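For reference, the structure is listed below as C-alpha cells.
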Amino acid sequence: MMSSELLNTLKKLPNPLQQEVLHYAEFLADKYSRGQPENILPTKRRQAGTMKGMIVMSDDFDEPLEDLKDYM
C-alpha cells in the first residue's frame with residue numbers, strides 16, 4: 001500500500017523534484033546498507049532539568065532600567 005501511495009505522489013511532482021526524491025532515496029538506501037541502525041532518527045531525548053542551578057538571574061531583573069526612566 002505504501003509503495004502505491006509513494007508512486008502516485010511522485011507522479012504528481014515535476015521531473016526535477018522527482019530527481020531530487022530519487023537522489024534522497026538513494027542516499028537513504030546507501031546509508032542503511034552501510035549498517036546504520038534501523039532507527040535513523042535519534043533516540044536519545046533531552047531530559048528536563050539538567051541545567052538547574054546553572055543560570056542565575058538578579059533580583060531586580062524585572063525592574064525598569066535606569067536608562068529608560070525618562071520614557072516611563
Side-chain angles (χ1 to χ4, degrees):
M1 181 165 126
M2 181 62 121
S3 297
S4 62
E5 288 180 47
L6 183 59
L7 289 175
N8 288 335
T9 304
L10 280 173
K11 288 178 186 177
K12 295 177 188 176
L13 295 174
N15 285 339
L17 290 179
Q18 288 179 2
Q19 190 70 28
E20 281 189 48
V21 172
L22 174 63
H23 288 170
Y24 185 64
E26 288 171 344
F27 163 76
L28 290 177
D30 183 54
K31 184 176 178 179
Y32 183 77
S33 68
R34 290 186 192 175
Q36 296 289 334
E38 288 185 27
N39 185 4
I40 295 175
L41 300 176
T43 56
K44 187 174 182 180
R45 302 195 53 94
R46 291 183 280 180
Q47 185 176 0
T50 55
M51 297 285 292
K52 187 175 183 177
M54 296 184 76
I55 298 174
V56 179
M57 295 177 72
S58 64
D59 293 333
D60 65 346
F61 178 79
D62 290 329
E63 298 298 319
L65 297 173
E66 291 290 326
D67 296 341
L68 300 177
K69 286 203 183 222
D70 295 339
Y71 300 102
M72 297 187 167

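Computation of the quantities below employed the complete heavy-atom set of this structure, encompassing side-chain atoms and omitting hydrogens, waters and symmetry-equivalent molecules. The first residue of the sequence shown is numbered 1, and numbering continues consecutively from there. The structure presented is a predicted model; accordingly, all values stated were derived computationally and were not measured.
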Side-chain heavy atoms of Gln19 within contact of Leu22, under 4.5 Å
yes
Taking only residues two or more places apart in sequence, or in another chain, which ones meet Pro16 in a side-chain contact (heavy atoms from CB on, under 4.5 Å)?
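Once residues adjacent in sequence are excluded, the partners of Pro16 under the side-chain contact (heavy atoms from CB on, under 4.5 Å) criterion are Pro14.
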Let me confirm one number: the [atom1]-[atom2] distance from [X] to [Y], rounded to the nearest 0.5 Å.
X: Lys11; Y: Leu6; atom1: NZ; atom2: CG; answer: 11.0 Å
X: His23; Y: Gln18; atom1: NE2; atom2: CD; answer: 12.0 Å
X: Asp62; Y: Met57; atom1: CG; atom2: CE; answer: 7.0 Å

Taking Tyr71 as the starting point, is it possible to reach Leu65 by hopping between hydrophobic residues whose side chains are less than 4.5 Å apart?
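Yes, it is one cluster - the side chains of Leu65 and Tyr71 are joined through contacts under 4.5 Å.
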Side-chain donor/acceptor of Asp30 to backbone N/O of Glu26, under 3.5 Å
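No; zero donor-acceptor contacts below 3.5 Å.
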